[in-house]
Amino acid sequence: AGASEILEASFVTYSAKAKQDLVGVKKESIAGHTVYSHTVAREMAFGARKRAGADYGVSVTGICGPSGGSKDKPVGLVYVGCADKASVYTRKFLFSGNREMIREQAADAALELLLYCIDPS
């Protein structure tokens, strides 16, 4: 109860197309950096904030496994982003564990970055 008082909207953007269509990630950003990058996390957070008309936008993009990783972008690689009206912050993580553990760690990291975004001091 009460979640609607603080959460305006959420966007599930698994595919590159959804990232472009729903939160405005540039096609060139995905082509140049892949969907697992600071650039895309930044654009996702900014786009989510703008699209929802919210004070903050938070993004998570990564490879939770169990497959899909590579030498350069292994399972557990996660980028989180947070945007306010003036700034966008991103952080890169390499989490370990199974899919569920990586998802939990990514969610925790996103909430911690949101707290930092709200009060960077």
* Connected hydrophobic set around Val35, excluding itself, where side chains approach under 4.5 Å -> Phe11, Leu22, Val23, Val25, Ile30, Tyr36, Val40, Met44, Val60, Ile63, Val75, Leu77, Val78, Tyr79, Val80, Tyr89, Phe93, Leu94, Phe95, Ile102, Leu113, Tyr116
* To do: May I have all residue pairs that pass side chain to side chain donor-acceptor pair (under 3.5 Å) and include part of residues 10-29, sequence neighbours excluded?
  => Lys17-Asp21, Ser29-Glu43
* Asked: Are Ser121 and Asp119 close enough that a side-chain donor and a side-chain acceptor fall under 3.5 Å?
  -> yes
* To do: Could you tell me whether a side-chain N or O of Gln105 sits under 3.5 Å from a main-chain N or O of Ser96, the two making a donor and an acceptor?
  => yes
* Structure fact -> Correct closest heavy-atom pair for Cys82 and Ala45 would be N-CB, 3.8 Å
* Asked: By side-chain hydrogen bond (donor to acceptor under 3.5 Å, both in side chains), which residues pair with Lys85, not counting sequence neighbours?
  -> Asp55
* Which pairs with one or both residues in residues 42-73 pass ring pair (Phe, Tyr, Trp, His ring centres under 6.0 Å), sequence neighbours excluded? -> none
* Go through the structure and list residues passing side chain to side chain contact (heavy atoms under 4.5 Å, CB included) with Leu111, not counting sequence neighbours. => none
* For residues Arg99 and Pro66, report the shortest heavy-atom separation together with the two atoms involved. => CD-CD, 4.5 Å
* To do: Using modelled atom types only, decide if a donor and an acceptor are shared between the side chain of Thr90 and the backbone of Ala41 within a distance under 3.5 Å.
  => no
* To the nearest 0.5 angstrom, please state how far the CD atom of Glu112 sits from the CZ atom of Arg91. => 8.5 Å
* Asked: Minimum heavy-atom separation for Ala83 to Arg49, with atom names?
  -> O-CD, 3.6 Å
* Asked: When clusters are formed from ILVMFWY side-chain contacts under 4.5 Å, directly or step by step, what else is grouped with Met101?
  -> none
